[in-house]
2 protein chains.
Amino acid sequence: MPEPEIRELRYFRAVAEDLNITRAAERLGIAQPPLSRAMRQLEHRLGVDLFDRSGPRLGLTAAGETLLKESGPVLDALDSAVRRTQRAGQSSGGLVVTAKPGVATEVLHRIVTELQGELPGVQVVVSGFGEQADMVRDGRADVALVSRPFDDHGLETELLYTEPRVAALPARHELAAREVLAADDLAGIPAPRWSRADVAERNYWSARPDDPVDGPIVQDSSQLLEVVAFGQAVALVPQSMAERNIRPDVVYRPVADVEPYQMLVVWPAGSRSADLAKFVEVAVRRSGGP
Amino acid sequence: MPEPEIRELRYFRAVAEDLNITRAAERLGIAQPPLSRAMRQLEHRLGVDLFDRSGPRLGLTAAGETLLKESGPVLDALDSAVRRTQRAGQSSGGLVVTAKPGVATEVLHRIVTELQGELPGVQVVVSGFGEQADMVRDGRADVALVSRPFDDHGLETELLYTEPRVAALPARHELAAREVLAADDLAGIPAPRWSRADVAERNYWSARPDDPVDGPIVQDSSQLLEVVAFGQAVALVPQSMAERNIRPDVVYRPVADVEPYQMLVVWPAGSRSADLAKFVEVAVRRSGGP
DNA sequence: TTCCGGCATACCTCCAGGGTATGGCGGACC
DNA sequence: GGTCCGCCATACCCTGGAGGTATGCCGGAA
């Protein structure tokens, strides 16, 4: 009896989000009366009131708030299951691996080269910054190389390597005069933020509200160094990236007490395919350095 | 378009489990032809073949295997969302906390006593062994006291306290002559297993195949000591339990290199209600000892 | 060959999800 | 206070699809 259908959950989320059945209905592409009825039916199925219709404006009851929070994981799990199933049916064999541009792609290249032959059909997808973990979670990729911090919900990880991070400063910056910095020296100075192409469509911001504040938005490492050279920001970058990007208008200084850069390989929790195990094994073995 | 409904997932799981549409249909309480059609429709919706109908016996394709694995989390998440929503709607206010009988209930009693007044309506549910984590996951309880090892998928935890574990031996056992034991001494000796009332209905065993092997099945600590006294098994028990159960036919011996007994408070990942926070805070504070 | 277990096809029924039209109701504005 | 408007609920119709029965098709075993 209490078996809400997926459609009802999607409808409920739309209504609960803007607390207006009429607008939610047109967003969903259906008429208002069926949506109104669907919500009453959902309440009846669950045996609890979800909406508070007493006030002038539609409100959520405690049960409604709960369902709003809980419906997200359900719909995400479903989407993920569908994607993984479709991928398993189409590209028979072969892993999809993703990584952000920059440091990770070099490691990835070495891994893929080694896997040629043993593991046919490894497909590499270069993805946006911060998107890797989501791609693994929702089934668009089988495995990813990521750097901390990232959201590890539903993922298993293996550490590949760590590397010191250094501060990238404009050459004429006052801190450039010092040989070594402390993390506190950078407090209050704007840090660049990686752009994420899909931020507009999906509500990342509500899920992860603790992203770094202010600072210009950059899309790759050369853009990052550009804004540093312009004096718009100071960035913490992995040492190997500093070594590969020597330029006269940017200087690098070690920072004493900052967390090192960590590169990890991540995959969906519970996933145990032979191809995946092979990939992780080679990744760990071939990551003696950046 | 690719929007499988919950019913289809449940149907699919039933079919995939016994690989026989006719029997699955009667298990589901429907006729065979609709089920057959539903499976074809599901395949069409997802755009992949789920079943291998070529052989004499029905088989699963790689995509089918994937969907079978992935459908579990989806259905669990849905059930959990429904339960939590219903609980939020009915018992307005109040936590449901669960713990296994024995050591935990004493700690729980102290916590609940302290919370009288500040937190009205704390409801304690004593549950079967090993069931606590599942109850929190699927929404039957808000918070639980558990001891390691337990399945922490989808849960957040806080360590309450640790306590050494000692071996409970029959008084006439040869190892009783020694003052202190090593973990290796117990290798190969049967250990008691906690019974779990709901094992029959839900397939716990497949989910957690690494439970201790052999040994008699017990339901509470007095039964446990009984089978120890009878010489049927040797058990590792928390020290405080040993101190409260002095009997002539059982002796307790420290074990050098065994993991200590750990008691934790666990709650659903992401749950942040004020009542829950209060409970966890008091639990941590009031757990100075067993 | 003859069963028989097991899946697919054909066809029917009926409910529920979606549509339109309209009523009720409270707030805002004149 | 009257009027209008935004918004939800109710009434009614229509159609797609989920579930039922009857039956055909096919491969394996006796």
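In what follows, chains are A, B, ... by sequence order, proteins preceding strands, each numbered from 1.
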Between [atom2] on [N] and [atom1] on [X], what's the gap in Å once rounded to a whole number?
X	N	atom1	atom2	answer
B:R40	D:dG17	CZ	P	18 Å
A:L35	D:dA9	CG	P	10 Å
A:D18	D:dC7	CG	P	10 Å
B:R45	D:dG16	CZ	C1'	12 Å
A:L28	C:dG19	CG	C1'	15 Å
B:F51	C:dG6	CZ	P	16 Å
B:M39	C:dC7	CE	P	12 Å
A:I6	C:dG17	CD1	P	14 Å

Next item on the list: Using the closest heavy atom to pick a nucleotide of DNA chain D for each, name whichever of B:P33 or B:R37 lands nearer the 5' end.
Entry: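 It is B:R37 whose nearest nucleotide is closer to the 5' end.
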
Check: Using a cut-off of 4.0 Å on non-hydrogen atoms, how would the nucleic acid contact of A:Y11 be classed: base, sugar-phosphate, or nothing?
Finding: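 A:Y11: backbone/sugar contact only, no base atoms under 4.0 Å.
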
Next item on the list: Look at all strands and tell whether B:R53 reaches a base, only sugar-phosphate, or nothing, counting heavy atoms closer than 4.0 Å.
Entry: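 Sugar-phosphate contact only - B:R53 comes under 4.0 Å of backbone atoms but never of a base.
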
Notebook entry, point to check: Could you state the interatomic distance from CG (B:L42) to CG (B:L9), rounded to the nearest 0.5 Å?
Noted result: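 B:L42 atom CG to B:L9 atom CG measures 7.0 Å (nearest 0.5 Å).
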
Check: Any side-chain N or O of B:N20 under 4.0 Å from OP1/OP2 of C:dG5?
Finding: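 It does not, given that no N or O in the side chain of B:N20 lies less than 4.0 Å from OP1 or OP2 of C:dG5.
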
Next item on the list: Apply side-chain contact (heavy atoms from CB on, under 4.5 Å) to B:L35 and B:L28, showing your working.
Entry: CA-CA 9 Å; B:L35 182 57; B:L28 293 168; 4.0 Å; yes

Notebook entry, point to check: D:dC8, D:dA18, D:dG20: which one has an atom nearest the side-chain heavy atoms of A:L58?
Noted result: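 Nucleotide nearest to A:L58's side chain: D:dC8.
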
Item checked: Out of C:dG18, C:dG6, D:dC8, whichever nucleotide has its closest atom nearest the side chain of B:T22 ->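 Side chain of B:T22 sits closest to C:dG6.
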
Margin query: With hydrogens left out and only the distance checked, is there a donor-acceptor pair under 3.5 Å joining A:Q32's side chain and the base of D:dA9?
Written below: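 Indeed, a donor on one side and an acceptor on the other fall under 3.5 Å apart.
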
Item checked: Contact nearer the 5' end of DNA chain C, comparing A:I30 with B:S36 ->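 Closest to the 5' end, via its nearest nucleotide, is B:S36.
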
Checklist line | Salt-bridge criterion met for A:D134 and A:R140 (N-O under 4.0 Å) | finding: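 Salt bridge absent between A:D134 and A:R140.
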
Next item on the list: Taking only Lys NZ, Arg NE, NH1 and NH2, and the carboxylate oxygens of Asp or Glu, determine whether A:D142 and A:R83 approach each other closer than 4.0 Å.
Entry: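 Salt bridge: no.
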
Item checked: side chain to side chain donor-acceptor pair (under 3.5 Å) between A:R40 and A:S36, intermediate numbers included -> CA-CA 7 Å; A:R40 285 214 174 272; A:S36 204; 5.7 Å; no

